[in-house]
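Contents: one structure, followed by commentary.
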Amino acid sequence: MATQDIQFNIDFSTGMHVNTVFKNDKLQLKEIGIDDLDQIVYVDSGYWISDPIQFADKFKEYKPFQFSLVSNNDAVYKISVSSSNDNLTWSQFEAIDENNVISNLPSNYVKIRIDLIAGKNHSEMIIDAFDENVYGNEFLDVSNGFLKLKKLYELEYESDIAQIYFLKVFRIDKKKYKKIISL
């Protein structure tokens with residue numbers, strides 16, 4: 001019986017993506033934002049499962065799995081394989097071992113799963129102290145270190161000679177009101 005290598009390319013743009021994307025010819029975790037150092041922040045983990053790959057010939061065993069991988073920082077990856085004879089019932093995903101050998105039984109159909117876990121890097125997020133000196137807006141309340149709209153206003157009373165008190169009317173310009181709403 002002859003040994004023959006089977007080579008195939010995997011299309012990462014198809015298949016099932018969970019918190020992953022295929023971007024710039026690379027499978028990577030989804031971006032969720034940018035920190036204050038202008039570094040991209042990614043989700044903690046995600047995975048991709050290929051569409052079923054069909055082998056036309058029957059074969060006796062899998063040889064070590066060959067792949068090329070570029071990993072950034074402390075990111076971790078795990079490759080698993082599931083197999084099926086009929087493309088309906090699939091085995092559990094089993095991780096390839098440290099020698100890149102697939103432990104599943106040889107079958108006509110194979111799915112590949114790649115789990116990605118982000119590495120932890122230094123990231124900075126600036127949280128404002130909401131100082132009254134910075135926010136001098138008369139409609140904002142920053143007294144307890146929180147930023148919120150004022151709900152209570154201290155207004156001056158005016159009185160006439162007969163000691164009858166009435167409330168001084170305080171109008172807010174429409175332009176100022178729109179500025180308040182935009183906060």
Side-chain angles (χ1 to χ4, degrees), residues 7-54 62 64-84 87-104 109-151 175-183:
Q7 183 177 4
F8 55 91
N9 292 328
I10 298 174
D11 184 8
F12 290 109
S13 64
T14 63
M16 184 172 72
H17 291 268
V18 177
N19 287 335
T20 59
V21 293
F22 184 62
K23 182 177 174 183
N24 300 330
D25 293 330
K26 296 177 187 169
L27 180 66
Q28 65 184 38
L29 293 170
K30 278 187 181 177
E31 300 174 3
I32 56 174
I34 296 178
D35 68 1
D36 292 332
L37 297 175
D38 290 331
Q39 296 175 344
I40 298 172
V41 179
Y42 298 95
V43 295
D44 289 336
S45 64
Y47 63 90
W48 169 81
I49 298 176
S50 71
D51 290 332
I53 300 166
Q54 182 179 10
Y62 292 117
F65 191 63
Q66 301 288 323
F67 59 91
S68 62
L69 177 77
V70 176
S71 177
N72 292 342
N73 305 325
D74 297 331
V76 177
Y77 67 92
K78 182 176 86 172
I79 300 175
S80 306
V81 177
S82 176
S83 59
S84 172
N87 198 18
L88 296 174
T89 56
W90 290 87
S91 67
Q92 294 287 330
F93 280 97
E94 295 184 33
I96 61 174
D97 66 13
E98 57 275 348
N99 297 323
N100 296 336
V101 175
I102 300 172
S103 60
N104 300 56
Y109 298 92
V110 172
K111 283 185 186 179
I112 298 172
R113 175 179 169 144
I114 300 177
D115 291 278
L116 301 173
I117 301 171
K120 303 298 181 194
N121 289 336
H122 175 73
S123 183
E124 288 187 15
M125 301 297 248
I126 296 174
I127 300 173
D128 202 328
F130 300 117
D131 188 6
E132 289 185 31
N133 298 330
V134 177
Y135 296 96
N137 190 319
E138 61 185 310
F139 303 109
L140 294 177
D141 181 13
V142 292
S143 59
N144 294 326
F146 299 104
L147 180 64
K148 58 185 176 181
L149 289 175
K150 283 186 181 177
K151 294 180 182 175
K175 291 178 185 178
K176 284 187 176 181
Y177 187 71
K178 285 184 179 181
K179 286 182 182 178
I180 294 171
I181 297 299
S182 69
L183 296 174

Just how far is it from atom [atom1] of [X] to atom [atom2] of [Y], taken to the nearest 0.5 Å?
X: S82; Y: Q92; atom1: OG; atom2: CD; value: 7.5 Å
X: L27; Y: I114; atom1: CG; atom2: CD1; value: 5.5 Å
X: W48; Y: D115; atom1: CH2; atom2: CG; value: 11.5 Å
X: W90; Y: I49; atom1: CH2; atom2: CD1; value: 10.5 Å

Heavy-atom donor-acceptor pair, S84 side chain to T89 backbone, under 3.5 Å:
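Yes: the side chain of S84 pairs with the backbone of T89.
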Look at the side chain of S91 and the backbone N and O of S83, then say whether any donor-acceptor pair between them is shorter than 3.5 Å.
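The answer is yes, because a donor-acceptor pair under 3.5 Å joins these two groups.
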Sequence neighbours excluded, the answer for side chain to side chain contact (heavy atoms under 4.5 Å, CB included) partners of D44 is K120
Please report the closest heavy-atom contact between [X] and [Y], naming both atoms and the distance.
X: I117; Y: L29; value: C-CD1, 4.3 Å
X: Y42; Y: I40; value: CZ-CG2, 3.6 Å
X: V81; Y: V110; value: CG1-CG1, 3.4 Å

Side chain to side chain donor-acceptor pair (under 3.5 Å) with S80: which residues, sequence neighbours excluded?
none
Sequence neighbours left out, what passes side chain to side chain donor-acceptor pair (under 3.5 Å) with K23? Give chain and number order.
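Result, side chain to side chain donor-acceptor pair (under 3.5 Å) vs K23: E31.
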Show me the donor-acceptor pairs within less than 3.5 Å that the side chains of residues 14-21 make with the rest of the protein, sequence neighbours left out.
from	atom 1	to	atom 2	distance (Å)
T14	OG1	D11	O	3.1
T14	OG1	D51	OD2	3.4
H17	ND1	T20	OG1	3.0
H17	NE2	F12	O	2.8
N19	ND2	S45	O	3.4
T20	OG1	Y47	O	3.3

